[in-house]
Amino acid sequence: MVIKPTGYALWEKMQRALDGLFKATGHVNAYFPLFIPKRYLEKEAEHVEGFAKECAVVTHHRLVAKPDGNGLMPDPKAALGDEEMLVIRPTSETIIWRTYKEWIQSYRDLPLLINQWANVVRWEMRTRLFLRTAEFLWQEGHTAHASQKEAEEETHQMVEVYRRFAEEWMAMPVLVGPKTDGQKFPGAIYTLCIEAMMQDGKALQAGTSHFLGQNFAKAFDVTFQNVQNQQEHAWATSWGVSTRLIGGLIMTHSDDNGLVIPPRLAPLHVVICPLGRNDAERGPSIAAAEKLAEELRALPRDEFFGYEPISVKIDKTFDKQPGYRYAEYELRGVPVRVEIGPKDIEKAACAVARRDVPGKDGKQFGIPLAGAAAHISDLLRAIQLALFERAKAYRDAATVTANTLDEFKAFFPLEKDDETGTQPLKFVYAHWDGTAETEEMVQQQYKATIRCLPFHGPTEPGTCIFTGKPSARRVVFARAY
RNA sequence: CGGGGUGUAGCUCAGUUUGGUAGAGCGCCUGGUUUGGGACCAGGAAGUCGUCGGUUCGAAUCCGGCCACCCCGACCA
């Protein structure tokens with residue numbers, strides 16, 4: 001996976017915001033090895049089964065020239081034995097819990113609240129840009145606790161951190177709740193997730209927080225002495241979000257004119273385009289642009305922008321047409337564009353365009369330069385809110401209830417209907433009997449999966465629309481990425 | 001791994017049916033004119049036609065092997 005500078009700048013903004021939220025909840029960062037001994041992975045039964053089929057395996061530690069002199073081959077003498085063989089981490093529970101064994105002796109060593117920013121590799125059969133790449137960047141939190149209660153509180157706290165990040169920073173509304181047993185993390189007791197809807201109506205799992213019980217502590221023999229002088233296995237959680245979020249952000253907000261980046265995560269908040277046909281006209285435009293840029297950068301910093309200054313660029317590519325310059329920054333998703341030309345200078349004003357309303361419609365002329373900085377700062381906050389409200393309205397409008405199997409089928413057509421085109425997909429609330437068999441059948445037949453059992457959703461009991469058996473509550477079905 | 005498809009200039013592709021010595025648009029470079037929503041004119045650079053072999057006087061084009069990539073399916077943060 002190659003992430004070019006603009007995309008990476010977006011990831012850095014995400015990292016900074018998330019890292020702040022992790023630190024604010026008492027977590028610290030550390031780093032663990034990329035290579036995991038294969039035998040570690042074998043220790044937790046469900047975990048092995050979940051990840052074994054997508055591991056890159058290191059079998060040799062040296063290359064030598066081929067006998068015919070053309071190219072290189074692994075040196076047979078440098079083969080790693082079964083006990084030495086390594087895998088490239090698909091996730092780090094095993095190596096981290098092997099390490100925690102050394103770190104944890106007493107209840108006084110707990111809780112251990114550690115996060116790691118890293119890359120992982122999962123050998124997927126088919127990749128999809130940003131959403132499913134063989135290598136991806138992520139953070140993985142791994143915590144150890146002295147009690148089940150505390151570990152479960154941590155699991156809930158972290159999914160709430162993810163919800164806040166998704167909604168308040170990415171402006172991406174999410175459903176929050178547990179996965180079904182069939183969809184939970186391999187090795188977890190349960191998995192909580194945030195689940196977002198993309199503009200095609202498909203669901204994107206955007207973050208997960210797992211309660212791991214004592215599974216890994218038992219697998220790696222991690223015990224501590226409690227206040228009563230007894231040995232006890234530690235309780236675990238793990239939680240993560242990845243560069244998949246970049247894909248989620250793009251697919252939540254962007255339009256036909258290009259990227260739309262919510263202001264709180266935009267690497268560049270404001271671009272100012274001075275205009276003019278010759279040096280005599282450009283001079284005053286540039287001077288006004290520089291003054292406005294300074295005023296924007298000098299605005300008081302606050303929590304909204306992570307206590308960082310508003311980021312401003314002055315675009316002086318006069319050899320390009322103005323229309324070209326506007327389109328270029330729209331394509332790149334810069335939230336606010338300011339135009340200052342001779343006509344504005346006459347009136348001591350400028351034109352301000354908001355990216356969430358594409359094209360000329362989002363442009364307002366005659367904003368006085370005197371109060372422009374404050375106006376733009378307010379506008380950035382308004383855009384952040386508008387993006388969230390728009391995405392939420394979109395999702396809610398595309399959320400439906402199915403009370404019969406026929407209704408359900410209609411929401412998940414199996415073949416593209418050439419008459420009507422592909423109809424947008426939906427989040428479908430329906431009753432389900434709670435069994436893995438039914439869930440499996442629905443996935444096979446309708447290519448829809450249960451995304452989660454949302455905490456804030458209908459909870460009345462009913463009858464499973466697939467089997468007629470009793471259902472404890474409605475769950476959310478959707479096609480997923 | 002099964003089914004389908006595609007490899008020709010930096011990008012998107014035409015040319016392959018019917019063999020005759022390499023094309024377009026966009027992008028790039030130079031000069032000029034333009035400049036408030038993706039400008040115009042002139043000139044220019046740029047391709048072992050995926051690869052190896054075969055047929056032929058002659059192959060991007062016909063035949064065979066190989067490789068790579070894309071789409072659909074099984075798998076999945």
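In the text below, chain A, chain B and the rest are named by the order of the sequence lines, each starting its count at 1.
- Across the C1' atoms, B/A22 and B/C13 are found 14 Å apart, a figure rounded to whole Å.
- Spacing of P atoms, B/U16 relative to B/G73, comes out at 33 Å, to the nearest Å.
- Using a 3.5 Å distance cut-off with no hydrogens or angles, the side chains of A/Glu154 and A/Gln157 do pair a donor with an acceptor.
- Base pairing of B/G36: no nucleotide in any strand meets the Watson-Crick or G-U wobble criterion (both distances under 3.5 Å).
- Relative ring orientation between A/Phe136 and A/Trp138 is described as perpendicular, the plane-to-plane angle rising above 60° on a 0-90° scale split at 30° and 60°.
- The side-chain tip of A/Arg325 points at the ring of A/Phe318 from less than 6.0 angstrom away and within 45° of straight on.
- Comparing the same atom, P, in B/U51 and in B/A68 gives a spacing of 15 Å after rounding to whole Å.
- Across the protein-nucleic acid pair, A/Glu281 atom CD and B/G36 atom P stand 11 Å apart, rounded to whole Å.
- Using the Watson-Crick or G-U wobble rule with both distances under 3.5 Å, B/U61 pairs with nothing in any strand shown.
- Between the P atom of B/U35 and the OH atom of A/Tyr326 lies a distance of 13 Å, rounded to the nearest Å.
- In this model, the phosphate group of B/G36 is not approached by any side-chain N or O of A/Lys343 to a distance below 4.0 Å at OP1 or OP2.
- Rounded to an integer number of Å, the gap from A/Arg337 CZ to B/G38 P is 12 Å.
- The pairing partner recorded for B/G10 is B/C26, the criterion being a Watson-Crick or G-U wobble arrangement whose two distances lie under 3.5 angstrom.
- Atom P of nucleotide B/G27 and atom NZ of A/Lys320 are separated by 10 Å, given to the nearest angstrom.
- For A/Arg337 and A/Tyr326, the positive end sits near the middle of the six-membered ring, less than 6.0 Å away and at most 45° from its axis.
- Distance noted for atom C1' between B/G58 and B/G20: 7 Å (whole Å).
- For the pair A/Glu339 CD and B/G38 P, the computed distance is 12 Å after rounding to whole Å.
- Per the geometry, CZ belonging to A/Arg325 stands 12 Å off P belonging to B/A39, to the nearest Å.
- The partner of B/G47 cannot be assigned: no Watson-Crick or G-U wobble pair with both contacts below 3.5 Å exists in any strand.
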Review point. Hey, mind stepping through A/Arg163 and A/Glu160 against salt bridge (charged side-chain N to carboxylate O under 4.0 Å, His left out) and telling me if it holds?
Key: CA-CA 5 Å; A/Arg163 184 203 64 77; A/Glu160 170 60 14; 2.9 Å; yes
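- When both distances must be under 3.5 Å, the Watson-Crick or G-U wobble mate of B/G31 is B/C41.
- The C1' atoms of B/U56 and B/C69 are separated by 32 Å, rounded to the nearest whole Å.
- Nucleotides B/G54 and B/G19 have their C1' atoms positioned 15 Å apart, rounded to a whole Å.
- Note on A/Gln321: every side-chain N or O is 4.0 Å or more away from OP1 and OP2 of B/U35.
- Between A/Lys447 and B/C72, a side-chain N or O to OP1/OP2 separation shorter than 4.0 Å is absent.
- Atom pair A/Lys53:NZ and B/A74:P shows a separation of 14 Å (rounding to whole Å applied).
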